[in-house]
Amino acid sequence: MKVISWNVNSIRTRLERVLGVLERHQPDLLCLQETKVTDEDFPHTALANAGWHAHVHGQKTYNGVAMISREPLEEVVCNFDDNPVPEEARIIRATCQGVRVLNAYVINGKEVGCDKYVRKLAWLDALTQTMKAELAEPRPTVMLGDFNIVTDDRDIYDADGWRGKILCSDEERARLQSFLSLGMVDLHREQTSEAGIFTWWDYRGGAFPRNMGMRIDLALGNPSAAGICTDVGVDRDERKKGDWEAKPSDHAPLVVVLKTS
DNA sequence: ATGGTTGGTCGCCAA
């Protein structure tokens, strides 16, 4: 089964690209972040006409997550209990072909120490509790999405310049470690230890052509999921395409392949 | 440190 995670940065602006990714990759499941649309205004019809099911958890203007699949998903849950920011639509989970999938859009945090940063850490702490409860089930479980955290120096173009700053602080990395302490592994890092694999490039300053990026979109899996994960890769072409005529998202899709029976 | 681009929405906020 193929699962893709992609911060689409507005599904309405990039609907044609979403349809293109679905057509090109033929995934079983596409997990989107930053759909930036209410459930009412989500382009349900266009996706249904192309043969896809969509489960959505959105809001006006900001955030928003969605799961788009060939077959209907099971056990769909929006949001999570004890969320310190319940009004922000940042997580949706569902079961696809027996695999539990959590699709998360982690708070950016803006700057270390500010109120948004404090909320980011609290939200991640609460998510850890939800993750722990999910892992009580022995089935393959994957959490993927835009984590807005750079794991280590290999995952950013200028590690020294960013050290301790937002996305790279010890406190954020400790929250990432807490997921690993639950037994989850970074499925991408199971495949390669190579430095300079990025999933996001700033729109500003020609960051993409200069490859000034970061790996902040991740796929974590429990041992059961890791055991059947055969490939993880970044669809860099999707970020590349589009110079000025067909605008890309600032994130590239992260493609995860699991060998399900 | 600022930079400076994009999206939603229409004066800015967020990333």
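Chain letters run A, B, ... following the sequence lines, proteins first, then strands; residues in each count from 1.
Protein atom OH of A:Y62 is 13 Å distant from nucleotide atom C1' of B:dT6, rounded to whole Å. Atom C1' of nucleotide B:dG4 and atom CG of A:D202 are separated by 8 Å, given to the nearest angstrom. Atom NE2 of A:H251 is separated from atom P of B:dG7 by 13 Å (rounded to the nearest Å). The CH2 atom of A:W200 sits 12 Å away from the P atom of B:dA15 (whole-angstrom rounding). As a whole-Å value, the separation of A:Q59 CD from B:dA14 P is 12 Å. One interatomic measurement links the two molecules: CG of A:D250 to P of B:dA15, which rounds to 12 Å at whole-angstrom precision. Rounded to whole Å, atom P of B:dA15 lies 9 Å from atom NZ of A:K36. Computed from coordinates, the A:N148 CG to B:dA15 C1' distance equals 8 Å when rounded to whole Å.
A salt bridge between A:R24 and A:E238 is present, with a side-chain N of the basic residue lying under 4.0 Å from a carboxylate O of the acidic one. Between A:E134 and A:R100 there is a salt bridge, since at least one side-chain N of the basic residue sits less than 4.0 Å from a carboxylate O of the acidic one. Salt-bridge formation is detected for the pair A:K120/A:E172: a Lys NZ or Arg NE/NH1/NH2 atom is positioned less than 4.0 Å from an Asp or Glu carboxylate oxygen.
Across all strands, A:K60 comes closer than 4.0 Å only to sugar-phosphate atoms, never to a base (heavy-atom distances). The residue A:F208 sits apart from the nucleic acid: no heavy atom pair falls under 4.0 Å.
Residue-to-nucleotide proximity on DNA chain B shows that, of A:E34 and A:T61, the 5′-proximal contact is made by A:T61. Comparing A:I11 and A:W162 along DNA chain B, the residue whose closest nucleotide (by nearest heavy atom) sits nearer the 5' end is A:W162.
Comparing B:dC13 with B:dT9, their P atoms are spaced 16 Å from each other, to the whole Å. A gap of 27 Å separates the P atoms of B:dC10 and B:dG4, to the nearest Å. Rounded to the nearest Å, the gap between the P atom of B:dT6 and that of B:dA1 is 26 Å.
A cation-pi arrangement is absent between A:R215 and A:W200 under the rule of less than 6.0 angstrom and at most 45 degrees off the ring axis.
Neither A:V257 nor A:M184 shares a network with the other; the hydrophobic side chains, linked directly or stepwise wherever heavy atoms of I, L, V, M, F, W or Y lie under 4.5 Å apart, form separate groups for each.
The side chain of A:K116 lies closest to B:dA14 when the candidates are B:dG3, B:dG7, B:dA14. Taking every side-chain heavy atom of A:R204 into account, B:dA15 is the closest of B:dT9, B:dA15, B:dG7. Nearest nucleotide to the A:R12 side chain, out of B:dT9, B:dT6, B:dA15: B:dT9.
A sub-4.0 Å separation between OP1 or OP2 of B:dG7 and a side-chain N or O of A:R14 is present. Phosphate contact (OP1/OP2 of B:dA14, side-chain N/O of A:R119, threshold under 4.0 Å): absent.
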